[in-house]
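What follows is a short report on a single structure.
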Amino acid sequence: MAGGGRMRPNILVTGTPGTGKTTTCSLLADATQLRHINVGDLVKTKNLHEGWDEEFDCHIMNEELLCDEIEDKMEDGGNIVDYHGCDFFPEHWFDRVVVLQTDNSVLYDRLSSRGYMGAKLTNNMECEIFQVLLEEARSSYAGDIVIPLQSNCVEDISSNVATLTNWVNNWRPVGS
């Protein structure tokens, strides 16, 4: 059960790379005083990986090591987890799952400007086109906690942060 005695909520912000997860999470953490856990950075700094994937130019994350690393923080609550995947996290960790979505032309430009090309660019574009991460979230978490939000521009990000800040401020622990 989500909430599980926590006094502050946990939020997962997911979406294809380039949808604005880290920007949204950083601004939301500032607005709510929740802890921002950037999974990609944590995997690198704590060596929670099994090497490097040459084709996709990224670390091969060890999901078990990651979950062990953040478990106590998640049980305490007050976290915003920033990662492009979501199906391996325990369902009870999250009170809200946000899937950021971006129009294909905007996303293509963002990913290209980051140097994505070849299989990495194609794979990420296809994930967004086919709404893979939204479907993954819906199949992994209770439908009432999963919300898709558009993230095409600065105004969208500001609106999303305001919406989520309002949700955090109105959140109450289970049973209160």
Side-chain angles (χ1 to χ4, degrees), residues 2 4 9-29 34-142 145-149 151 157 160:
N10 287 327
I11 301 169
L12 172 61
V13 178
T14 189
T16 304
T19 56
K21 293 179 301 297
T22 301
T23 301
T24 299
C25 290
S26 295
L27 293 169
L28 183 60
L34 297 179
R35 179 188 303 117
H36 177 194
I37 300 174
N38 182 314
V39 170
D41 289 349
L42 190 63
V43 165
K44 287 179 217 161
T45 60
K46 298 280 188 163
N47 291 315
L48 306 175
H49 57 85
E50 298 168 350
W52 187 257
D53 184 317
E54 293 293 334
E55 180 181 11
F56 291 104
D57 195 31
C58 63
H59 286 101
I60 303 166
M61 182 178 64
N62 183 314
E63 295 169 356
E64 188 174 329
L65 287 177
L66 171 68
C67 288
D68 288 347
E69 178 69 28
I70 65 173
E71 182 174 15
D72 290 343
K73 290 177 182 166
M74 298 306 295
E75 297 300 333
D76 290 343
N79 301 291
I80 305 165
V81 176
D82 167 357
Y83 192 59
H84 60 263
C86 68
D87 61 346
F88 64 91
F89 293 114
E91 182 178 4
H92 71 275
W93 278 5
F94 298 105
D95 304 291
R96 176 67 79 208
V97 176
V98 177
V99 182
L100 295 179
Q101 298 179 306
T102 302
D103 290 340
N104 299 328
S105 61
V106 173
L107 184 61
Y108 184 89
D109 291 345
R110 288 179 186 173
L111 294 177
S112 295
S113 72
R114 290 183 179 186
Y116 283 39
M117 57 182 126
K120 188 172 185 176
L121 177 61
T122 300
N123 181 272
N124 283 296
M125 290 302 301
E126 288 175 353
C127 280
E128 189 68 9
I129 290 166
F130 295 114
Q131 298 187 0
V132 171
L133 293 170
L134 179 58
E135 293 308 313
E136 184 178 287
R138 287 181 171 156
S139 68
S140 301
Y141 301 95
I145 72 166
V146 176
I147 61 166
L149 295 174
S151 184
I157 293 171
N160 293 342

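Just so you know, these numbers come straight off a predicted model, no measurement behind them.
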How about R114 and P17: do any of their side-chain heavy atoms sit closer than 4.5 Å?
yes
When you measure from the side chain of K21 to the backbone of T14, do you find a donor-acceptor pair of N or O atoms at a distance under 3.5 Å?
no
Rounded to the nearest 0.5 Å, what separates atom OG1 in T24 from atom CG in L149?
8.5 Å
Between M125 and T16, is any pair of side-chain heavy atoms under 4.5 Å apart?
no
Shortest non-hydrogen contact from L42 to I37?
CD2-CG2, 4.1 Å
Atom of G15, atom of H84 and distance for their closest heavy-atom approach:
O-CB, 3.2 Å
When you measure from the side chain of K46 to the backbone of D41, do you find a donor-acceptor pair of N or O atoms at a distance under 3.5 Å?
no
Interatomic distance, CD@E71 vs CG@L66, rounded to 0.5 Å, equals 11.0 Å
Using side-chain heavy atoms (C-beta onward) and a distance below 4.5 Å, is C86 in contact with F94?
no
Quick one: does any side-chain atom of S113 pair with a main-chain N or O of R110 as donor and acceptor, under 3.5 Å?
yes
Which distance, rounded to the nearest 0.5 Å, do you find between the CG of L34 and the CG of N79?
7.5 Å
R138 vs P148 side-chain heavy atoms within contact, under 4.5 Å
yes
Considering all heavy atoms of both residues, which atom of H59 and which atom of V43 are nearest to each other, and what is their separation?
CB-CG1, 4.3 Å
Looking at side-chain heavy atoms only, is the closest gap between W93 and V81 below 4.5 Å?
no
Heavy-atom closest contact (S112 atom, L121 atom, distance):
OG-CD2, 4.2 Å
Within the distance-only criterion (no hydrogens, no angle test), does the side chain of E136 pair as donor or acceptor with the backbone N or O of G85 below 3.5 angstrom?
no
Taking atom types as modelled, is there a side-chain donor on D87 or S140 under 3.5 Å from an acceptor on the other?
no
Value for OG1 (T19) from CG (N124), rounded to nearest 0.5 Å, stands at 9.5 Å
Please test L28 against I11 for side-chain contact (heavy atoms from CB on, under 4.5 Å), starting from the C-alpha separation and ending with a verdict.
CA-CA 10 Å; L28 183 60; I11 301 169; 4.0 Å; yes
Taken to the nearest 0.5 Å, the spacing of E50 CD from E64 CD works out to 9.5 Å
Closest heavy-atom contact between I157 and S151?
CG1-OG, 3.7 Å
Y83 vs F89 aromatic rings, parallel, tilted or perpendicular, using cut-offs 30° and 60°?
perpendicular
Calculate, to the nearest 0.5 Å, the distance between atoms CG and CZ belonging to N62 and F88 respectively.
10.0 Å
What one should report as the nearest heavy-atom pair of V97 and A137 is CG1-CB, 4.0 Å
